[in-house]
Amino acid sequence: MACRAGCCCTGIGALNEDNARFLMLALLIIIYLLCGAAVFSALEHPKEKLAKDRWAQRIEQFTHKYNLSPDELKNFLRNYEEASVAGIRVDATRPRWDFAGAFYFVGTVVSTIGFGMTTPVTIAGKIFLIFYGLIGCAATILFFNLFLERVITVIAFVLKFCHERRERSKAGPPQNCRRPSTDSRGRRTDSLAGWKPSVYCVMLILGVAAIVVSCCASAMYSAAEGWDYLDALYFCFVAFSTIGFGDMVSNQREMYTAQAAYRVGNFLFILTGVCCIYSLFNVISIVIKQVLNWLLRRLVTPCRCPGRGNRHPRRNVVAPGHMRTRRDNSIETDAVNDSEADGRRMSGEMISMKDFLAANKVNLAIMQKQLSEMANGHPRPLGSSSRHNEFSGGVGALGIMNNRLAETSVDR
């Protein structure tokens, strides 16, 4: 088939990479939701139907036994549902709105867990919650991002130290008890300076930490609340991931053995668990992004039209893996390489005005990046060139992990 308008290669090859990745991720999430709905429907729907039939039989037996009309019983049950929303239960429970209960409530608000067992019922309380949650949730997300930044830094430092020890052991002791030459030390320093931890190692460490915290917390909840261990483990994941269904909530009984110690342990476990799971989720998102990039490279076909095969692909355009220029994965973990020789743009630098005007893409990520750099007092000079990879330009947690892991380095 003859080429039209100078090139016959159209379709996904000319699609912006960010848009292609976004559309593919949206499609995969929809498929994931459909699969999850099918599985949960198959698992839980028979149980739900059985519970409804059992409840209808109990209602009928109760009305016949005590000579009550079904309408009167239903009205009484509606009144109990209203009382249950206010925190009143058949069994004795702790007060919901004393200072300790209110502190537990605001903790679930700002952490976005939102168990739902306690909710404001007054108009003033609902209005105050809107403004309180707006500031509190934003501040807590910032805290989680700062925690993630420090966790990644500590893990990278420890892994780099272990890598240095391993490299020294491979080199062996110096011969004839001579001190190593300056050239050999320089070569070893250069090789170690560019080393970065793999995202898979970081994911494994965070996964082990999350499992350890969840298992320890489950043991505490199982003993204090009387839950089965698997139920306690389920509660830990629901709470630590901030899903917060509210079907199981800790620290709700009126009295506990060693109540003060249990409340402190509950607070510390939830705080630590949320931070660990949040960090783990963000590292897993890097792996998902790698899978998306691999799928895009598999779907793309190189342009074979005459005179266009050797042209450089424009920025942010999906291109096959062999058409991209790759370099060694070498960026220091403790400092950002801001060499002016290659003129590359790191995640902590501002996009150049030239690229900004040429791309004509004013989006939220760029604006947040610029505002952040202006606030930090480190704007990028105008006219400098930029270099892009599939992980650059991230905002929030992704921006924190950019160029800190081997798989997110701009030198890839």
Side-chain angles (χ1 to χ4, degrees), residues 103-104 106-115 132-161 196-218 220 235-244 250 263-289 331-336 346-348 365 368-369 371-373 375-376 378 391 393-409:
F103 184 81
Y104 192 86
V106 297
T108 62
V109 169
V110 300
S111 63
T112 70
I113 296 176
F115 285 125
Y132 184 84
L134 183 66
I135 299 175
C137 292
T140 306
I141 291 174
L142 175 61
F143 173 80
F144 289 157
N145 285 332
L146 295 178
F147 178 87
L148 172 62
E149 182 178 10
R150 280 147 182 80
V151 165
I152 296 296
T153 302
V154 171
I155 292 177
F157 178 80
V158 173
L159 292 178
K160 184 178 180 181
F161 176 78
K196 299 188 70 174
S198 172
V199 66
Y200 303 105
C201 294
V202 176
M203 183 176 64
L204 177 62
I205 294 173
L206 289 175
V208 171
I211 291 174
V212 170
V213 172
S214 299
C215 290
C216 295
S218 299
M220 183 188 72
F235 164 76
C236 288
F237 176 78
V238 170
F240 297 167
S241 61
T242 70
I243 296 175
S250 62
R263 288 184 175 180
V264 173
N266 180 54
F267 173 78
L268 293 178
F269 271 124
I270 289 181
L271 178 63
T272 307
V274 169
C275 290
C276 289
I277 295 294
Y278 176 83
S279 303
L280 180 61
F281 282 171
N282 282 283
V283 174
I284 292 176
S285 68
I286 294 293
V287 178
I288 295 175
K289 200 170 185 181
I331 292 185
E332 293 183 357
T333 56
D334 54 351
V336 176
M346 295 303 184
S347 63
Q368 285 182 333
K369 183 183 293 295
L371 291 175
S372 175
E373 291 162 352
N376 293 329
H378 300 290
F391 289 95
V395 179
L398 287 177
I400 290 173
M401 290 185 290
N402 277 348
N403 301 311
R404 292 174 180 269
L405 302 174
E407 286 76 9
T408 61
S409 172

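Quick note: numbers below take in every heavy atom, side chains included, and nothing from hydrogens, waters or symmetry partners.
Taking the ring-ring contact (aromatic ring centres under 6.0 Å, His included) definition, one finds that Tyr132 meets it with Phe128, sequence neighbours left out. Applying the ring-ring contact (aromatic ring centres under 6.0 Å, His included) rule to Phe235 yields the partners Phe115, Tyr221, Trp227; only residues at least two apart in sequence or on another chain are considered. Under the side-chain contact (heavy atoms from CB on, under 4.5 Å) criterion, Cys216 pairs with Val212, Phe269, not counting sequence neighbours.
When all heavy atoms of Ser241 and Val238 are compared, the pair lying nearest together is OG-O, 3.5 Å. For the pair Asn266 and Ser250, the tightest heavy-atom approach, listed with the atom from each and the gap, is OD1-OG, 2.9 Å. Taking every heavy atom of both residues into account, Thr140 and Ser111 meet most closely at CG2-CA, 4.1 Å. Pairing each heavy atom of Ala210 with each of Leu280, the nearest pair is CB-CD2, 4.4 Å. Minimum interatomic distance between Val109 and Gly133 (heavy atoms only, all atoms of both residues): CG1-CA, 4.1 Å.
Within the 4.5 Å cutoff, no side-chain heavy atoms of Asn282 are placed close to those of Ile286. Between Ile205 and Val158, the closest side-chain pair of non-hydrogen atoms is not below 4.5 Å. In this structure, the side chains of Ile152 and Val283 come closer than 4.5 Å at one or more pairs of heavy atoms.
Side-chain atoms of Tyr278 do not come within 3.5 Å of backbone N or O of Thr242 as any donor-acceptor pair. Ser214 places no side-chain N or O within 3.5 Å of a backbone atom of Cys236 that could act as its donor or acceptor partner.
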Worked check of side chain to side chain contact (heavy atoms under 4.5 Å, CB included) between Leu204 and Tyr200: CA-CA 6 Å; Leu204 177 62; Tyr200 303 105; over 6 Å; no
Does Phe240 form a side chain to side chain contact (heavy atoms under 4.5 Å, CB included) with Cys276? I'd like the steps, not just the answer. CA-CA 8 Å; Phe240 297 167; Cys276 289; over 6 Å; no
With side chain to side chain contact (heavy atoms under 4.5 Å, CB included) as the test, would you mind laying out the steps for Ile113 and Val274 before giving the verdict? CA-CA 9 Å; Ile113 296 176; Val274 169; 4.2 Å; yes
Test log, rule side chain to side chain contact (heavy atoms under 4.5 Å, CB included), inputs Leu146 and Glu149: CA-CA 5 Å; Leu146 295 178; Glu149 182 178 10; 3.9 Å; yes
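The CZ atom of Phe267 lies 5.0 Å from the CZ atom of Phe103; values are rounded to the nearest 0.5 Å. Rounding to the nearest 0.5 Å places CG of Leu271 at 8.0 Å from CZ of Phe147. Atom-to-atom distance recorded for Phe237:CZ and Ser218:OG is 12.5 Å, nearest 0.5 angstrom. In this structure, NZ on Lys289 lies 16.0 Å from CD1 on Ile284, to the nearest 0.5 angstrom. Atoms SG and CD1, on Cys275 and Ile270 in that order, are 12.0 Å from each other to the nearest 0.5 Å. Atoms SG and CG, from Cys201 and Leu206 in turn, are 11.5 Å apart once rounded to the nearest 0.5 Å.
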